[in-house]
Amino acid sequence: MASYLRSWLYTQNATAEAAAPPAIVETSPPTPDEDDEVETVHGDDDAPPAFPAINSAQRATSTSGPDVIPRILTDAQLMPPPPPLSLSNRRPGVSTNPGSSSLLVPTTTTKPPPQPAKKGKVALAPGHGPLDWANLKKSGQNLRGTDTLMRVTPSMLKEHRSRDDAWSAFSGKVYNITPYLPYHPGGEKELLRVAGRDGTKLFAATHAWVNIDYMLDECLVGVLVPE
């Protein structure tokens, strides 16, 4: 019986020692040597950097010292005073005192440019509009006044310069402009200025955008040749 109790107590003590948590041993870090100490320096590292930089080209070309504070202008120095009230009633482009400002319009342009004389269209008679002329060309009538195309000399062209018989040359082609006279938007008088002669230069100066080859194709008489 005694041996049983001794074996039972020994088993309980062994179980208690196995279940006990391990002991935590606290150790302090070794004391660093004086040679390993790192000293943290506070001072110039916390100051803002210089602007411009010390070795920058801006600082090298600057005539003022690095410690000179730039001069700050006031609003009165930056902005000119408002103009006098008398200038509010001035006319655009007209200066009361030409030497007061350099931003005024030059005196040579104060006058408005002359308006060119407008040549208005002549009121055509009823039935003589552009569509009427197009219908006349399609009608099949002989508008050229000749049976075949001809070689026209300047002397022959000069013979046809009347209201009832008017020929004119444009870009080397001779046209019978007689049937087109009442259809001309500028009037018969303007078109008769080129009757009996070469009207290429006058035509180009007045309405070069007009396709005369299409407009007078049925009035073609021939080509202009030298004498």
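Worth knowing before you read on, the calculation uses all heavy atoms, side chains too, and leaves out hydrogens, waters and symmetry mates. Sequential numbering from 1 along the given sequence is applied to the chain's residues.
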Excluding sequence neighbours, so at least two apart, what forms salt bridge (charged side-chain N to carboxylate O under 4.0 Å, His left out) with E188? R163
List the residues meeting salt bridge (charged side-chain N to carboxylate O under 4.0 Å, His left out) with D217, not counting sequence neighbours, and say none if there are none. K137
When every non-hydrogen atom of H128 is compared with those of L124, the smallest separation belongs to O-CD1, 3.1 Å
Contacts of type salt bridge (charged side-chain N to carboxylate O under 4.0 Å, His left out), residue D213, not counting sequence neighbours: K173
Sequence neighbours left out, what passes ring pair (Phe, Tyr, Trp, His ring centres under 6.0 Å) with H184? Give chain and number order. none
Locate the shortest heavy-atom distance separating R197 from S168; write the atom from each residue and the value. O-OG, 3.2 Å
Give the minimum heavy-atom separation between S162 and A166, together with the two atoms involved. O-CB, 3.3 Å
Closest non-hydrogen atom pair between D164 and T178, with its separation: O-CG2, 3.4 Å
Side-chain hydrophobic cluster, 4.5 Å single linkage: members besides V225: V223
Who clusters with V194? Use side-chain heavy atoms, under 4.5 angstrom, across I, L, V, M, F, W and Y, and order the result by chain and number. W133, L136, L143, L149, F170, Y175, I177, Y180, L181, Y183, L191, L192, L202, F203, W209, V210, I212, M215, L216, L220
Nearest heavy-atom neighbours spanning E190 and R193: OE1-NH1, 3.0 Å
